[in-house]
Undergrad: 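Take a look at this one; I'll ask things after.
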Amino acid sequence: MRSVAPMRVAKIGYIAVSAALCFFGVLLIVKPEISLAAFGLFTGIVLIIFGIIKIVGYLSRDLYRLAFQYDLACGILVIALGIMVILEPNDVIDTICIAVGITFLIDGLLKIQISIDAKTFGIRQWWLILSVALLTVVIGVLLVFRTSGSVRALMVLLGISLLADGIMNLTTVLSTVKIIHHQYPDRTIEEEEIFLE
């Protein structure tokens, strides 16, 4: 039998980071005058942690293979963007907007594919994943291709994007990641033929 520990770590990590994104998203919406330097450092750290969790999720091989199926490449990209945000203190708002926008744009597009696959699997919440993913894509585009605006307005937009991505990831992981304690490892085609015989 396969250990469910990596899957449990990935699921709990996804939930924790998503809840943190929601919390800080609301905080930015309510209090957009927060320090840019502090927010940049927080954003970079969260992106790196989230990237690591995505890679662990990919390696966990959950039952449906939905929530984490694209997370190896996405996790590496998110870690790289997190490092970029931490190492680029100059023009921090531009760096954050581009890094967060690209991250959420890609994450949203991948979640659209996951929602379609979830529908095929018969998961009833597929439409909810799709709805929030579409919203996240729109916000990601707005962040990447933003027109010049006040720092306050950009911070509110960042808050909305953090909230949307947090909700999208919570919806996806709670709907599609099922931990089965007696899950057997995947068999190769040859092993499957022997098993069927």
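Values reported hereafter were calculated over all heavy atoms of this structure, with side chains retained and with hydrogens, waters and symmetry mates removed. Everything numeric in this text was worked out from a predicted model, so none of it was measured.
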Undergrad: Please find the pair of heavy atoms, one from Ala118 and one from Trp126, that lie closest to each other, and give the distance.
TA: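 Shortest heavy-atom separation between Ala118 and Trp126 comes out as CB-CB, 3.9 Å.
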Undergrad: Of all the heavy-atom pairs spanning Leu21 and Val46, show the shortest one and how long it is.
TA: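 Between these two residues, the closest heavy atoms are CD2-CG1, 3.9 Å.
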Undergrad: Nearest 0.5 Å, what's the OG1-CD1 distance between Thr103 and Ile79?
TA: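 Between atom OG1 of Thr103 and atom CD1 of Ile79 there are 11.0 Å.
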Undergrad: Is there a side-chain contact between Asp165 and Met168 in this structure, where contact means two heavy atoms from C-beta onward sitting under 4.5 Å apart?
TA: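 They are in contact (side-chain heavy atoms under 4.5 Å apart), so the answer is yes.
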Undergrad: If hydrophobic clusters are built by linking Ile, Leu, Val, Met, Phe, Trp and Tyr wherever their side-chain heavy atoms come under 4.5 Å apart, do Leu157 and Leu135 end up in the same one?
TA: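 Yes; Leu135 is reachable from Leu157 via cluster members.
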Undergrad: Restricting to non-hydrogen atoms, name the atom on Ser161 and the atom on Ile139 that form the minimum distance, rounded to 0.1 Å.
TA: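 What the structure gives for the nearest pair is CB-CG2, 3.2 Å.
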Undergrad: Hey, does Tyr14 have a side-chain heavy atom less than 4.5 Å from the side chain of Leu174?
TA: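 Contact flag for Leu174/Tyr14 side chains = no.
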Undergrad: Over all heavy atoms of both residues, which pair between Gly51 and Val78 is shortest? Give the atoms and the distance, please.
TA: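 Looking at all heavy atoms of both residues, the closest pair is N-CG1, 3.8 Å.
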Undergrad: How close do Ile112 and Ala133 get, counting heavy atoms only, and between which atoms?
TA: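 In terms of heavy atoms, the two residues are closest at CG1-CB, 3.7 Å.
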Undergrad: Output the distance between atom CD1 (Ile48) and atom CE (Met84), rounded to the nearest 0.5 Å.
TA: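 Result: 11.5 Å between the selected atoms.
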Undergrad: Do the side chains of Asp107 and Thr136 get nearer than 4.5 Å, heavy atoms only?
TA: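 No, every pair of side-chain atoms sits at 4.5 Å or beyond.
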Undergrad: Taking side chain as C-beta onward, heavy atoms only, is Ile98 less than 4.5 Å from Val144?
TA: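 Ile98 does not reach Val144 side chain to side chain.
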Undergrad: Would Lys54 and Phe50 count as a cation-pi pair here, with the cationic atom under 6.0 angstrom from the ring centre and within 45° of the axis?
TA: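 Relative to the ring axis of Phe50, which defines the angle, Lys54 lies inside both limits.
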Undergrad: Should Trp127 and Val137 be counted in the same cluster of Ile, Leu, Val, Met, Phe, Trp and Tyr side chains packed under 4.5 Å apart?
TA: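 Yes; tracing contacts between hydrophobic side chains, which count when under 4.5 Å, links both residues.
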Undergrad: CG/Leu109 to CZ/Phe104 distance, rounded to the nearest 0.5 angstrom?
TA: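 It comes to 13.5 Å.
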Undergrad: About how many Å separate CG of Leu158 and CD1 of Ile29, when rounded to the nearest 0.5 Å?
TA: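 These two atoms lie 10.5 Å from each other.
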Undergrad: Supply the atom-to-atom distance Leu59 CG to Leu72 CG, rounded to the nearest 0.5 angstrom.
TA: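 So the CG of Leu59 and the CG of Leu72 are separated by 6.5 Å.
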Undergrad: Test your reading of the model: is there a side-chain donor-acceptor pair from Ser18 to the backbone of Ile15, 3.5 Å cut-off?
TA: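 Between the backbone of Ile15 and the side chain of Ser18 there is no qualifying donor-acceptor contact (under 3.5 Å).
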Undergrad: Mind checking the CD1-CG spacing from Ile102 to Leu81? Nearest 0.5 Å is all I need.
TA: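 The CG atom of Leu81 is 6.0 Å from CD1 of Ile102, to the nearest 0.5 Å.
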Undergrad: Spell out, yes or no, whether Ile167 and Val173 are grouped together once hydrophobic residues are joined by side-chain heavy atoms under 4.5 Å, including indirect joins.
TA: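 Yes; Val173 is reachable from Ile167 via cluster members.
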Undergrad: Under 4.5 Å between side-chain heavy atoms, hopping through other hydrophobics if needed: is there a path connecting Ile129 to Ile116?
TA: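 No, separate clusters.
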Undergrad: Identify the residue among Asn169, Leu130, Thr171 that makes a side-chain contact (heavy atoms from CB on, under 4.5 Å) with Lys111.
TA: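 With Lys111 as partner, side-chain contact (heavy atoms from CB on, under 4.5 Å) holds for just one option, Asn169.
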Undergrad: Which atom names give the shortest non-hydrogen contact between Pro32 and Val156, and what distance separates them?
TA: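 Scanning both residues completely, I find the closest heavy atoms to be CB-CG2, 3.8 Å.
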Undergrad: Heavy atoms, side chains only, cut-off 4.5 Å: are Ser175 and Leu128 in contact?
TA: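 Answer no - side chains too far apart.
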Undergrad: Hey, any chance Ile45 and Leu162 share a hydrophobic cluster, counting ILVMFWY side chains that come within less than 4.5 Å of each other, even indirectly?
TA: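 In one cluster: yes.
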